[in-house]
Student: 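Structure below; questions to follow.
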Amino acid sequence: MAELLRYRDDETVDHPAVTVDAFLDQSNANAVRIEPGDDARDLLPHLERVALVEVNFPAFGDGRGYSSARILREAGYDGELRAVGDVLVDQLAYMRRCGFDAFEPDQQLDKDDVQAAFDRWPDVYQSAADDRTPIWTKRHA
Amino acid sequence: MYQYDQYDQAMVDARVEEFRDQARRRLEGKLTEAQFTPLRLKNGLYLQLHAYMLRVAIPYGTLDSRQMHALADIADKYDRGYGHFTTRQNIQYNWIKLEEAADILADLAKVEMHAIQTSGNCIRNISSDHFAGAAADELVDPRPYAEILRQWSSFHPEFNYLPRKFKIAVIASDTDRAAMRLHDIGIQIVQNDAGELGAAFYVGGGMGRTPMIAPCINPFVPLDQLVTYSEACLRVYNRYGRRDNKFKARIKILVHELGAEEYTRQVEEEFAHLLEQGVEPPFAELERIRTFFEDPLFEAGASSDIDRSDPDFALWVDRNTVAHKADGYVSAVISLKPVGGIPGDATAEQMHLMADLAKDYSFDELRVMHTQNIVLPHVRAADLHALWTALDVAGLGAPNLDTVEDIIACPGLDYCSLANARSIPVAQRISERFAKTGKTETLGQLKLKISGCINACGHHHAGHIGILGVDRKGVENYQLLLGGSEAEDVSLAKITGPGFDEHGIVDAVETVTTVYEREREDGERFLDTYRRIGMNPFKEALYG
Amino acid sequence: MRLLTGNDLKTGAVTWWTGSDWSIHVEDAADVTGSEDETARREEAARRVNAPYAIDAEMQDGVPRPTHIKERIRTLGPTVRPDLTLKPAEPDLGNWVI
């Protein structure tokens with residue numbers, strides 16, 4: 001397991017993340033792991049007790065986790081949102097825009113490449129789960 | 001025409017440097033081929049039979065002379081002096097080196113062009129009506145809506161790892177020149193009873209191994225909700241499109257399996273949610289984009305008179321020019337289908353010439369048709385003879401728009417690593433046969449489309465006559481289909497029966513045209529006759 | 001016989017394993033029966049080739065001829081542009097391909 005990349009100031013949650021089913025059964029769990037086939041909206045009634053959501057990417061080409069992340073952020077979830085699994089450096093900027101603020105990739109990422117990925121885009125075209133102002137809004141500000 | 005501002009330019013420039021870095025990491029071994037493949041595909045770079053292939057986007061098929069000159073220069077500098085215009089209004093180069101690809105992208109960026117998302121499991125280049133802004137029958141110019149969707153879909157963070165590729169077409173007239181209902185999303189700009197503009201959404205069409213015609217899921221989305229509605233369509237697909245089987249991963253399968261009604265219900269639910277999220281661009285942005293697509297300064301009172309004393313010229317005018325909304329103007333089609341030629345190919349010299357002619361005669365604008373021809377959209381009738389003369393000298397004057405010689409053909413087994421059979425030689429032999437028998441003109445509109453495999457890049461499902469190349473025990477074999485259409489009378493072609501070898505298929509095409517000539521009633525196209533009399537007379541003639 | 005083929009990583013050119021190196025000419029290709037997987041793995045890892053795979057071929061007039069038409073087209077170039085094939089001066093090679 002590679003080093004955790006985390007872009008938050010609060011304390012890391014040290015409870016292990018449980019499956020969505022287990023989370024819904026256990027009223028004391030505060031960390032949950034979403035698999036690609038899970039419906040992130042199942043968590044929405046319980047967001048007040050969640051401190052960590054892990055979104056698993058078993059294969060980098062399966063992009064369902066991007067929608068899961070945005071759905072949670074759109075619902076107001078402000079705890080840690082961690083992408084885990086086959087997380088590659090060229091996906092980080094997209095993930096960040098969808099609301100992920102922590103990354104736990106299977107393979108260690110090169111620190112310079114990570115920084116380059118986050119510094120790459122001068123602007124963004126569209127709204128997402130981050131607070132960047134889209135180009136089309138800037139044009140008419 | 002749309003022009004980049006500093007934001008667009010900075011984004012495209014950043015993308016070039018991103019790809020330069022990705023290619024470097026691949027060459028240094030920091031990326032495996034499996035990791036690199038989706039990255040290069042999202043920059044249009046394929047590994048094909050003989051080399052890398054680069055597909056460059058021509059957004060909604062519109063380009064100016066400076067851009068066409070740049071495409072020609074790339075063909076000379078990095079390729080072998082030619083390019084291939086595709087059925088999605090793009091251009092492909094066949095002999096590209098990975099180590100030069102980033103330099104090509106940099107050259108493209110200098111003329112406001114790119115290869116962003118021309119492949120891969122993401123939202124592809126937005127295509128549109130090649131007569132947009134010129135057609136006599138259009139409601140409005142559809143390209144501003146295509147442009148706003150281009151911006152929305154470029155680098156979309158949620159939709160870059162979709163189950164499969166995603167193609168959108170936007171039109172704004174009842175005549176469909178963009179195969180709108182054979183796209184993942186087809187949008188028609190329409191007007192409601194109150195005179196307001198909106199977008200009709202057709203979702204779940206496509207060709208490939210499971211061809212489907214998109215059903216209308218919403219007849220009127222207000223234009224200030226266009227992006228939000230698109231986002232809802234995509235989110236439902238990204239979450240629930242099949243990922244267990246690549247061949248069932250397109251949105252058409254999702255819409256088919258859920259049923260259009262249930263898919264629509266899910267989209268509407270997501271749409272209601274997204275409306276509260278404020279993802280829609282400010283309406284002023286659409287107004288800003290529209291200003292780029294205002295009419296050029298057409299000459300008032302331009303004469304529609306054409307001197308038809310030269311019969312070759314008169315034939316070309318009749319065949320290759322189309323009614324324009326401004327008096328005294330036409331849209332002129334430059335055929336990239338010379339008899340015996342390679343459909344859609346143009347040499348660098350031809351590209352330079354077309355660019356110069358666009359500058360001289362068409363307000364500096366060109367279009368790429370999905371039928372792999374080029375349009376000069378705004379030509380004065382008075383200039384047609386000079387235009388035709390210049391084209392004819394360069395081998396670009398074939399008078400065969402929408403005839404049996406105007407064949408769509410994918411690159412096929414001559415270039416493509418997915419193909420099962422060659423497409424181009426079949427197209428060449430068919431156009432030669434009909435040119436020789438002299439029947440091209442009398443057969444009238446006859447759309448013939450050839451694919452070299454079931455992925456259907458050559459649109460064989462949508463041909464009045466379609467041909468599908470298959471591999472039969474290592475030998476090329478060609479199935480014949482009849483009755484398809486990509487236009488507003490959209491339909492899917494049906495297979496006639498057992499396939500033919502590469503010579504037999506040419507004879508077979510001639511045979512079915514003979515049946516048409518025998519059976520047709522006044523004013524009927526081949527397609528009309530087929531629809532009236534059905535498959536059987538054609539089968540009897542083919543298989544006796 | 002079996003031939004190992006792939007594309008050059010940098011240029012994309014079709015290449016053939018000669019037993020000790022890669023060549024763009026099928027005449028140089030060596031029979032890799034028995035060693036194809038190991039060679040492919042090693043050469044791809046060293047980035048001397050991209051996406052290598054083994055194909056069937058038979059010897060004909062002293063030159064290996066791939067069994068499948070697709071590989072024969074790969075060997076020389078597009079049949080519709082003889083001027084762009086590896087051997088533009090030999091028009092009869094169309095018969096070798098088809």
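Quick caveat: nothing in here was measured; it's all calculated off a predicted structure. In what follows, every chain begins at residue 1, and chains take the letters A, B, ... in the order their sequences are listed.
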Student: Does anything in residues 20-30 of chain B get under 4.5 Å of chain C by heavy atoms, and if so which residues?
Tutor: Arg26(B), Leu27(B), Glu28(B), Gly29(B)
Student: Output the distance between atom CG (Leu84(C)) and atom CG (Asp79(B)), rounded to the nearest 0.5 Å.
Tutor: 9.0 Å
Student: Which residues from residues 411-424 of chain B are near chain C, with near meaning under 4.5 Å between non-hydrogen atoms?
Tutor: Leu413(B), Asp414(B), Tyr415(B), Ser417(B), Leu418(B), Ala419(B), Arg422(B), Ile424(B)
Student: Set out, in order, the CA-CA distance, both residues' side-chain angles and the distance that settles side chain to side chain contact (heavy atoms under 4.5 Å, CB included) for Lys97(B) and Thr11(C), then state yes or no.
Tutor: CA-CA 4 Å; Lys97(B) 297 179 170 71; Thr11(C) 68; 4.2 Å; yes
Student: For chain B, find which of Asn50(C), Ile69(C), Ile98(C) contributes the most heavy-atom pairs closer than 4.5 angstrom.
Tutor: Asn50(C)
Student: Between Glu476(B) and chain C, with a heavy-atom cut-off of 4.5 Å, which part of the residue counts as in contact: side chain, backbone, both or neither?
Tutor: side chain
Student: Non-hydrogen atoms of chain C under 4.5 Å away: do they reach the side chain of Tyr82(B), the backbone, both or neither?
Tutor: side chain
Student: Answer with side chain, backbone, both or neither: which region of Ile342(B) has an atom nearer than 4.5 Å to a non-hydrogen atom of chain C?
Tutor: side chain
Student: Between atom CZ of Arg81(C) and atom CZ of Arg80(B), what is the distance when rounded to the nearest 0.5 Å?
Tutor: 9.5 Å
Student: Can you tell me how far apart NE2 (His50(B)) and CD1 (Ile73(C)) are? Round to the nearest 0.5 Å.
Tutor: 7.0 Å
Student: With a 3.5 Å distance limit and no angle check, can you tell me whether Tyr52(B) reaches the backbone of Leu9(C) through a side-chain donor-acceptor pair?
Tutor: yes
Student: Find the distance between CG (Asp8(C)) and CD (Glu99(B)) and round it off to the nearest 0.5 Å.
Tutor: 8.0 Å
Student: Are Asp471(B) and His68(C) close enough, and set up right, to give a side chain to side chain contact (heavy atoms under 4.5 Å, CB included), and what steps lead you there?
Tutor: CA-CA 10 Å; Asp471(B) 179 337; His68(C) 199 277; 2.7 Å; yes
Student: Quick check for you: among Thr79(C), Val14(C), Leu76(C), which has the greatest number of heavy-atom pairs under 4.5 Å with chain B?
Tutor: Thr79(C)
Student: Given that the side chain runs from C-beta out, which part of Arg74(C) has a heavy atom under 4.5 Å from chain B: side chain, backbone, both or neither?
Tutor: both
Student: So with a 6.0 Å cut-off around CZ of Arg472(B), is the heavy-atom count from everything else above 12?
Tutor: no
Student: Using non-hydrogen atoms only, which part of Asn94(B) is less than 4.5 Å away from chain C: side chain, backbone, both, or neither?
Tutor: neither
